[in-house]
Colleague: 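Would you mind keeping the following structure in view while I ask a few things?
Heavy-atom basis, side chains included; hydrogens, waters and symmetry copies ignored. Proteins get letters first, then strands, A, B, ... in listed order; numbering begins at 1 in each. These numbers come from a predicted model, not from an experiment.
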There are 2 protein chains.
Amino acid sequence: MSDLSLDHLKPDFTGATLASSIAARLRMAIMEGELAPGAKLRLEDLRSQYQVSLSPLREALSRLSMDGLIEVAEQKGYRVAPVSLENYEEITCLRIELESMALEKSIANGDDAWESALVGAFHRLHKLERQRTDGAPIDAWELAHREFHNTLISASRMPLLLKMCGTLHDLSDRYRRILLRTRSFDGGVDEEHRRIMDAALARNTEKATELLKQHVERTAANVLVLLRQRVEEESAEKKAAQGRVGKAVRR
Amino acid sequence: MSDLSLDHLKPDFTGATLASSIAARLRMAIMEGELAPGAKLRLEDLRSQYQVSLSPLREALSRLSMDGLIEVAEQKGYRVAPVSLENYEEITCLRIELESMALEKSIANGDDAWESALVGAFHRLHKLERQRTDGAPIDAWELAHREFHNTLISASRMPLLLKMCGTLHDLSDRYRRILLRTRSFDGGVDEEHRRIMDAALARNTEKATELLKQHVERTAANVLVLLRQRVEEESAEKKAAQGRVGKAVRR
DNA sequence: TTAATTAAAATAATCGATTATTTGTATGAG
DNA sequence: CTCATACAAATAATCGATTATTTTAATTAA
């Protein structure tokens, strides 16, 4: 059912190649913010940390760069993709446009298998949602959440579009996971998912896309509050640092 | 003005790294159909052909895979992305949606610099258009054409969207260049470009996006005629081959 | 004849060492 | 003191050889 590979989110690193295993581990570290946005990635450090040679490491970094999680500067090196207000707003805007389009096609084309896959994906997510208050299985929830959104649009018969939506979902998730780290249980999300599913199953395209849009926008609004705070803090720090340098130079 | 790098389309291969140089050369070979869709890419062959080691070669292939020009199968190898009716239809559909969105934003945000860049890009394209009957500078036209479409949407302030549009443009171009290889002069295209530019400069969003849509669809229709032929021929050949095998087995 | 099994060849993935480039630091001239 | 230059250290890019995996071909049994 799923055209969009979810392999890189699975917790086991038994990928066929070393490169894919390293890519998965790096991806997780970046998604969780363990590797901070904008951080420089020195090849030698990574090499010794993951105990691999340069070849698979470069391969892994290349792959992450194509998902927009890493920036590459020729001859200069790699760094974790920085975060910014503009970037998150663009990601959100594109998610709404592209996922809506995909959902519309999916509703038009979805068959019985799609319907049951959707019900199943929601069920799994719903169960994890209730367990989410006791912290532990956050990764499982992230995975189920991604899978639910992916299943929604999986009948669209547009593999490229699905890929784009998956990439945008990941980019968006990084912001959410970094900024909403200490997140409290939010029953509203679960209900939103259910209503989107219901509208999709009822083949009510208008309603489904509208609900999806609201769902994405509401999450984005929560993230944006904290992101704005963080950006302001950082620019304040920067100014303070510049002030100190100015004084030092002056004397 | 241009957020979207066009470096990889320039004819000089003086890229900073070997990997990017190889990537550019491979890209050109694929875009021109010199490396046929679906063709297997053996590392050893490429290595000896381009006189490089495996490291930069893999790096180059990774980069092309992220543009969808190459497919990677772990432990199995690389192949040139195959072509299909469905794939081309999806590319066209996405181009229309995404370029329209980008054009809309670009018209909303475009300043004086954007306007003059657009006029300049059209001028360069227009001059090459008239020379195009005498075959030679086809690459120059392709580059100017890409640059015109890119400039149209360059004021959208959405770098990710620009990147997606550029990628889709390349994918679309491969089909056009492979199938419309012996293309005769088409004055209509030039006129279409001019009308799109005029509508954009007049800030007529509705008209500009509609004209852009028609422009993309008209080109796509031309390609699709030949693509359908080709697909039919291939399936016929396949049947014939199967027939032969069947006979051989039978006797 | 077909299907399963195994050995050999071809091919992809990885490694450790080498080369090229950039970055940081110190020195000296204006 | 500032800017420029040159040197040294750090880092990225590349290479040639090695290891692991897949594909092909040959062989045998059903």
Colleague: Quick check: do A:Arg95 and A:Thr219 have side-chain heavy atoms less than 4.5 Å from each other?
Modeller: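 Not in contact.
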
Colleague: Please tell me which of the listed nucleotides, C:dT14, D:dT14, D:dT23, lies nearest to the side chain of A:Leu18?
Modeller: C:dT14

Colleague: Should we say atom CG of A:Asp45 is surrounded by more than 12 heavy atoms from elsewhere, each under 6.0 Å from it?
Modeller: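 Count over threshold, so yes.
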
Colleague: To the nearest Å, how far apart are A:Glu71 CD and D:dA12 C1'?
Modeller: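 Rounded to whole Å, this separation is 17 Å.
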
Colleague: A:Leu54 has an atom CG; how far is it from atom P of C:dT19, in whole Å?
Modeller: 16 Å

Colleague: Roughly how many Å is it from CD in A:Glu44 to C1' in D:dA9, rounded to a whole number?
Modeller: 14 Å

Colleague: CD of B:Gln49: more than 12 outside heavy atoms within 6.0 angstrom?
Modeller: yes

Colleague: Do A:Leu98 and B:Glu97 have side chains that approach each other closer than 4.5 Å (heavy atoms only, starting at C-beta)?
Modeller: no

Colleague: In this structure, how many angstroms lie between the C1' atom of C:dT18 and the CG atom of A:Leu43, rounded?
Modeller: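 That distance rounds to 16 Å.
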
Colleague: If I take atom CZ in residue B:Arg42 and atom C1' in nucleotide D:dT24, what distance separates them, rounded to the nearest angstrom?
Modeller: 13 Å

Colleague: When all nucleic acid strands are considered with a 4.0 Å heavy-atom cut-off, which category describes B:Leu46: base, sugar-phosphate, or nothing?
Modeller: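 Result for B:Leu46 = nothing.
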
Colleague: Identify, between A:Pro56 and A:Gln75, the residue whose nearest nucleotide on DNA chain C lies closer to the 5' end.
Modeller: A:Pro56

Colleague: Rounded to whole angstroms, how far apart are CZ on B:Arg47 and C1' on C:dA12?
Modeller: 13 Å

Colleague: Rounded to whole angstrom units, what separation is found between the CG atom of B:Leu57 and the P atom of C:dA12?
Modeller: 10 Å

Colleague: Among D:dT11, C:dT22, C:dC15, which nucleotide sits nearest the side chain of A:Lys40?
Modeller: D:dT11

Colleague: Can you check whether B:Ala81's main-chain N or O pairs, donor with acceptor, with B:Arg174's side chain at less than 3.5 Å?
Modeller: yes

Colleague: Which is true for A:Leu61 with a 4.0 Å heavy-atom rule: it touches a base, it touches only sugar-phosphate, or it touches nothing?
Modeller: nothing

Colleague: Provide, to the nearest angstrom, the distance between the CD atom belonging to A:Gln51 and the P atom belonging to C:dC15.
Modeller: 10 Å

Colleague: When you get a sec, tell me which of D:dC15, C:dT14, D:dT22 is the closest nucleotide to the side chain of B:Lys76?
Modeller: D:dT22

